[in-house]
Amino acid sequence: MGDDTWENLFPKKFYRSLPFPSFNVKDLHTVDNGILQHLYTTMMGGDWDVLVAHFLGVDHCGHRFGPDHPAMADKLTQMDGVIRSVIDRLQNDTLLVVMGDHGMTDTGDHGGESQKETDAAIFLYSPAPLFPGPPSQNKNMLSNNGGISAQSTNEQIKKQNNMKDPSEQDVVPQTDLVPTLALLLGVPIPYSSVGQVLLPLFPPHGQTEGAVGGLSQLEALWINAKQVNRFLETYSGMAKDIPPESLSQLKDEFTRLSYEYLTTIREGRSPSPELAASLQAYLTSVRDTCRATWARFNPFKMAAGLAILAFACLMCFILSELSVVLIRENGPGLKAPVAVALTAGGCTVAGQLLTQGYIEVAWCLAAAALSSELLLLWTACRSRPTAVAKNGSKAPKCSRWLTPRHLFIPPLVVPLLRCASLLSDSYVIAEGRVVTFLMFSLALYIPIHLNWDGLLLPPSHDPLKSAGLLPSPALSPSTVRKESSTLLTCVGLLVGSLYLSLSFHGCREEQGSCQPSPFLSPLSRLQDSQLKNIHYILSIFSLGLWTYLLRRCLRHYGNLNSSGGTVFTARWILPLLSVCLGLHWAVSATPEDSFRNLAELISLAQLALPRAAFCLLGLGLFLIWLDPLTVFVKTRAAATARGSSLPPPRYRASTGISPQAELHHLIPQIYQRMRRSLDDGELSRGSEVDSGPAVEAYGLGTVYSAPLLLFCGLLGIGLLLLHPEGMSLSFLLLLLEMGALLHIQASSTTLSGLHGTYTGGFNVPWTPIVMWSLAATQFFHATGHLPTFPSIQWGAAFVGFPDGHTGTILPASLVTLNTFASHILFAVGCPLLLFWPLVCEVRGSRGGRACGEEGEDAVMEMRLRENPQQFSSALLQLSTRYLFIHGAQVFASVCAAAILRRHLMVWKVFAPKLMFEASGFLVSSVSLLIGVTLVLRVDVAVGRWFKRIIPDASR
């Protein structure tokens with residue numbers, strides 16, 4: 001009775017079952033009250049041999065409120081009363097076993113490897129002696145510290161069996177309960193058990209009359225040893241992984257003990273204490289041997305995996321440097337690597353069937369991956385000499401980008417040092433603060449590097465330039481100073497965001513003096529009403545500011561003027577989603593006993609509000625994907641004379657077109673620039689264009705970045721729904737940090753162009769990509785997460801589903817989205833690094849950026865369509881560089897876990913770090929694919945829009 005997990009694990013195995021729904025951690029009483037309704041009446045009946053009552057109130061209270069909440073004290077008091085009541089009703093032939101299957105951290109969670117989670121109390125009690133003894137010894141005895149209560153004197157057991165005092169045993173392995181309870185019940189020990197019977201529950205030899213189970217300590221040990229030996233023989237015959245010498249020694253030892261025990265019983269002699277000690281030693285040896293075998297590593301497979309990962313990282317790096325080669329029309333495709341991979345996998349399968357008779361899927365996948373990687377690397381390097389970019393520059397040669405001078409530049413040294421530091425458990429433990437320091441260092445490196453190159457300040461006056469003997473700077477010194485000021489302001493904003501984000505970190509068990517952020521606790525756990533109100537106001541303010549900044553940015557660039565699906569999402573779905581989230585926080589923070597008359601309404605709101613938010617989120621993302629364009633088109637008659645000037649804008653505020661968008665982000669007659677990329681050939685320059693209608697397109701300059709920015713912002717609010725309310729401040733800092741990084745990248749690129757050092761193309765340098773990837777890891781920690789299992793925020797699985805789930809896919813997905821929220825947002829928004837320098841190219845300039853022709857209009861992101869091959873090449877390079885950095889981190893984590901596999905902290909630090917890094921890489925790869933696919937979707941939509949608008953404009 002109680003937890004319905006028993007019924008799910010053992011369906012139709014119980015004579016009678018009273019299961020209650022157990023998955024809702026917010027429900028503290030349903031399971032416990034259901035047990036109490038049937039427990040005592042069932043105990044008094046005689047139709048049961050084993051009665052399981054699985055209470056869940058304490059566990060759920062820990063998850064919801066933590067161990068220090070008053071609700072926990074109430075639950076523990078209730079459980080004390082239950083135990084007293086059960087003891088009063090016990091029959092003399094009944095054994096009471098009270099135990100927990102796990103412990104609890106200071107935050108009320110479990111599932112990790114800390115001592116507070118793995119240690120649990122056990123209490124055994126019987127109203128009558130478990131085995132007879134002298135009258136003076138028949139006293140109830142209870143040991144502390146998780147020991148055992150038995151109806152026997154500990155001194156008697158200690159003297160007769162030369163054992164350690166049971167009251168001194170601080171730890172009883174849970175595996176030992178299986179054989180102990182089985183023998184006490186008179187049933188066989190389960191086949192696969194490697195536990196050892198608890199001897200204090202069995203009488204010494206010769207005192208078995210009237211004892212529970214009728215077995216002495218020696219007989220229990222003998223049955224236990226026979227069962228373990230049978231398991232060992234069967235397992236070793238199937239698995240073949242136990243070392244032959246260890247297996248031979250264990251078999252010889254059992255043969256000797258078997259002969260000694262049977263001889264003693266046959267001759268009727270009193271067994272020696274050494275025999276019981278030898279049986280215990282044998283059981284311990286079997287368990288240790290099995291554990292050592294199951295924890296054994298295969299160095300050959302580990303080396304193969306490391307080689308595949310290394311080649312994958314190298315492939316990403318080479319592809320990023322040779323992106324121009326792969327994008328050209330006659331470049332190498334993917335057909336040959338795929339064919340080679342299938343061939344290598346098939347050959348491996350055939351070889352295994354012929355030599356072994358069975359297939360190892362891991363080796364087949366390894367052969368396929370390695371062969372395809374090698375072919376792709378060889379093809380890329382082989383085709384590089386013939387690659388010529390559209391602007392006439394040759395693709396970089398291997399000898400150029402594999403030199404130390406090219407590899408060990410400061411932006412690449414930082415991630416390489418971080419990868420090397422993953423071999424240190426101290427670094428992994430303090431990774432959150434270290435990554436923040438690395439971000440801070442790179443933020444300061446950018447202005448220092450620009451100043452070193454003479455790009456941060458306006459150039460000094462040169463009389464040769466005034467005389468026309470040398471080229472003049474692209475723009476005025478005031479523009480350079482404005483860009484420099486913008487850059488330094490964004491660096492300051494970035495540093496401030498980094499510093500404030502440290503206030504949202506969690507704590508590992510190894511950080512003894514660390515105090516977790518108070519914002520990690522849900523509002524429902526806070527007892528101080530004033531503090532709860534302050535946290536709620538801050539959360540609502542952060543959420544409102546997040547929404548305002550997104551809409552303000554879209555309005556600033558004229559992207560809220562059309563009537564498409566993306567604009568509808570920005571105008572209506574985005575604010576409605578924020579309102580739903582704010583109401584959900586208010587309802588979740590309401591105590592259960594505050595409004596008893598509205599209890600049903602509150603329960604309904606806890607169910608409906610988050611589900612409504614999920615629906616709005618899904619609808620908004622679908623509309624962005626379906627109709628990503630945010631362009632407003634207006635046609636007007638062209639000027640009658642060549643020299644006539646266009647009249648000033650006359651739009652009223654009711655049209656929804658901002659004056660700033662009129663002045664700075666209007667792209668007049670843009671289709672004239674796009675004719676070559678469209679290849680329609682229908683229009684010609686000259687009088688036809690001058691006499692036809694002109695097109696004013698609002699928001700066309702940010703046609704790529706606007707839907708991607710809104711997609712990220714909407715997704716961020718959805719991910720915030722899965723976090724505690726206090727994380728709203730952290731998410732706001734994440735948004736500010738993303739904006740600061742984008743503007744730093746834009747200002748750096750603009751300063752290079754203003755000084756005439758712009759190299760052409762759209763390639764994103766290593767520095768912003770490295771900072772973008774480090775920011776994903778930094779905000780992984782700044783949202784309260786850690787690369788440990790106890791830090792997983794399991795409450796995300798119940799957002800919108802307070803009554804639990806029928807399956808595992810949906811809750812696992814919700815927890816994954818919660819855990820890797822920062823990875824998702826930064827990966828989806830990664831293409832913004834490519835777009836933002838183009839978005840900001842008109843800042844402080846009337847004629848556009850220096851990279852264009854003199855007097856050229858600032859067409860912003862339309863430059864990408866003027867150079868589609870460079871656009872595709874830059875997008876591929878950006879993606880492969882981002883994946884290379886994350887892949888290098890995974891490779892370093894694998895190396896650390898492999899090299900330090902015998903380290904004391906491997907299962908506590910390095911193995912969890914590897915699992916989180918690998919999972920984060922997979923999530924980042926999928927998210928990056930979503931972001932790039934959205935960009936390509938916008939590109940297709942823009943192409944269709946131009947094909948539709950040009951014939952309309954020519955009529």
Side-chain angles (χ1 to χ4, degrees), residues 432 435-436 439 494 497-498 500-501 504 542-543 545-547 549-550 553-554 569-570 574 577-578 581 613-614 617-618 620-621 624-625 705-724 727-743 745 768-785 793 796 813-836 878-879 882-883 885-886 889 916 919-935:
V435 172
T436 303
M439 284 281 296
L494 176 61
S497 300
L498 291 172
L500 293 177
S501 67
F504 300 91
S542 302
L543 178 62
L545 188 57
W546 173 290
T547 305
L549 290 176
L550 285 175
C553 181
L554 295 174
T569 300
L574 181 63
L577 180 61
S578 301
L581 185 54
F614 286 140
L617 175 64
L621 297 180
I624 295 174
W625 193 275
S705 57
L708 184 60
L709 183 64
L710 181 60
F711 192 92
C712 292
L714 202 66
L715 187 60
I717 296 180
L719 295 173
L720 177 58
L721 177 62
L722 302 175
H723 285 76
M727 287 298 102
S728 178
L729 290 167
S730 180
F731 270 70
L732 178 62
L733 293 176
L734 183 149
L735 181 66
L736 295 177
E737 185 168 319
M738 291 180 70
L741 288 173
L742 292 174
H743 280 283
Q745 155 68 356
I769 301 176
V770 171
M771 296 184 69
W772 198 261
S773 62
L774 289 177
T777 303
Q778 187 254 331
F779 265 98
F780 171 80
H781 293 269
T783 49
H785 297 98
Q793 299 174 7
S813 302
L814 293 176
V815 172
T816 301
L817 292 174
N818 167 274
T819 304
F820 300 104
S822 62
H823 293 77
I824 294 172
L825 291 176
F826 279 96
V828 172
C830 188
L832 290 174
L833 291 172
L834 172 62
F835 301 139
W836 216 253
L878 173 63
S879 303
Y882 189 78
L883 290 179
I885 297 173
H886 283 281
Q889 294 172 185
F916 276 83
S919 301
F921 175 77
L922 293 177
V923 173
S924 298
S925 301
V926 174
S927 303
L928 180 63
L929 180 62
I930 293 174
V932 173
T933 306
L934 179 59
V935 171

J.: Taking atom OG of Ser497 and atom CE of Met738, what is their separation to the nearest 0.5 Å?
T.: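 It is 12.5 Å, given to the nearest 0.5 Å.
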J.: Between CG of Leu934 and CG of Leu929, what distance do you get to the nearest 0.5 Å?
T.: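 If we round to the nearest 0.5 Å, Leu934:CG and Leu929:CG are 11.0 Å apart.
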J.: Side chains of Leu494 and Met771: closer than 4.5 Å at any heavy-atom pair?
T.: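 Touching, per the 4.5 Å side-chain cut-off.
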J.: Quick check: closest heavy atoms across Phe779 and Leu733, and the distance to 0.1 Å?
T.: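 Minimum heavy-atom contact is CZ-C, 3.5 Å.
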J.: Check whether any side-chain heavy atom of Val828 lies under 4.5 Å from a side-chain heavy atom of Leu708, and answer yes or no.
T.: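 Contact flag for Val828/Leu708 side chains = yes.
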J.: Would you call the rings of Phe826 and Trp772 parallel, tilted or perpendicular, where under 30° means parallel and over 60° means perpendicular?
T.: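 Perpendicular, since the angle between the ring planes exceeds 60°.
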J.: Can you see which heavy atom on Leu550 is nearest to which on Gly713, and at what distance?
T.: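 It is CD1-CA, 3.4 Å.
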J.: His723 vs Thr783, test: side chain to side chain contact (heavy atoms under 4.5 Å, CB included). Steps then yes/no.
T.: CA-CA 8 Å; His723 285 76; Thr783 49; 4.3 Å; yes
J.: Indicate the atoms forming the closest heavy-atom contact of Ser578 with Ile717, along with that distance.
T.: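 Smallest heavy-atom distance, with atoms named: OG-CD1, 3.6 Å.
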J.: side-chain contact (heavy atoms from CB on, under 4.5 Å) with Ile824: which of Leu715, Ile930, Thr816, Thr819?
T.: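 Of the listed residues Leu715, Ile930, Thr816, Thr819, the side-chain contact (heavy atoms from CB on, under 4.5 Å) partner of Ile824 is Leu715.
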J.: How far apart are the closest heavy atoms of Cys830 and Leu928, and which atoms are they?
T.: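 In terms of heavy atoms, the two residues are closest at CB-CD1, 3.8 Å.
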J.: So, taking the atom named CG in Leu719 and the one named CG in Leu617, what distance separates them when rounded to the nearest 0.5 Å?
T.: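 Here the rounded value is 8.0 Å.
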J.: Got a second to check how far Thr569's OG1 is from Leu574's CG, nearest 0.5 Å?
T.: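 Reported to 0.5 Å precision, the distance equals 9.0 Å.
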J.: With side chain to side chain contact (heavy atoms under 4.5 Å, CB included) as the criterion, how do Leu825 and Phe731 come out once you've worked through the C-alpha distance, each side chain's angles and the decisive distance to 0.1 Å?
T.: CA-CA 10 Å; Leu825 291 176; Phe731 270 70; 4.1 Å; yes
J.: Identify the two heavy atoms, one from Ala782 and one from Ser730, that lie closest to each other, and give their separation to 0.1 Å.
T.: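 Nearest heavy atoms, Ala782 then Ser730: O-OG, 2.7 Å.
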J.: Check Glu737 against Leu498 and note the closest heavy-atom contact, atom names and distance.
T.: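 Closest approach of Glu737 to Leu498: OE1-CD2, 3.5 Å.
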J.: Is there a side-chain contact between Leu833 and Tyr882 (heavy atoms, below 4.5 Å)?
T.: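 A side-chain contact under 4.5 Å is absent here.
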J.: Let me see the working for Leu720 and Trp546 under side chain to side chain contact (heavy atoms under 4.5 Å, CB included), right down to the final yes or no.
T.: CA-CA 11 Å; Leu720 177 58; Trp546 173 290; over 6 Å; no
J.: Fit a plane to each ring of His886 and His823, take the angle between them on a 0 to 90° scale, and name the class: parallel (under 30°), tilted (30 to 60°) or perpendicular (over 60°).
T.: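 Rings of His886 and His823: tilted, as their planes differ by 30° to 60°.
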J.: For Thr777 and Gln889, what are the C-alpha separation, side-chain angles and deciding distance, and is it a side chain to side chain contact (heavy atoms under 4.5 Å, CB included)?
T.: CA-CA 11 Å; Thr777 303; Gln889 294 172 185; 4.1 Å; yes
J.: Nearest 0.5 angstrom please: Leu722 CG to Ser813 OG, how far?
T.: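 The OG atom of Ser813 is 10.5 Å from CG of Leu722, to the nearest 0.5 Å.
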J.: Rounded to the nearest 0.5 Å, how far apart are CG of Leu834 and CG of Leu742?
T.: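 Here the interatomic distance stands at 11.0 Å.
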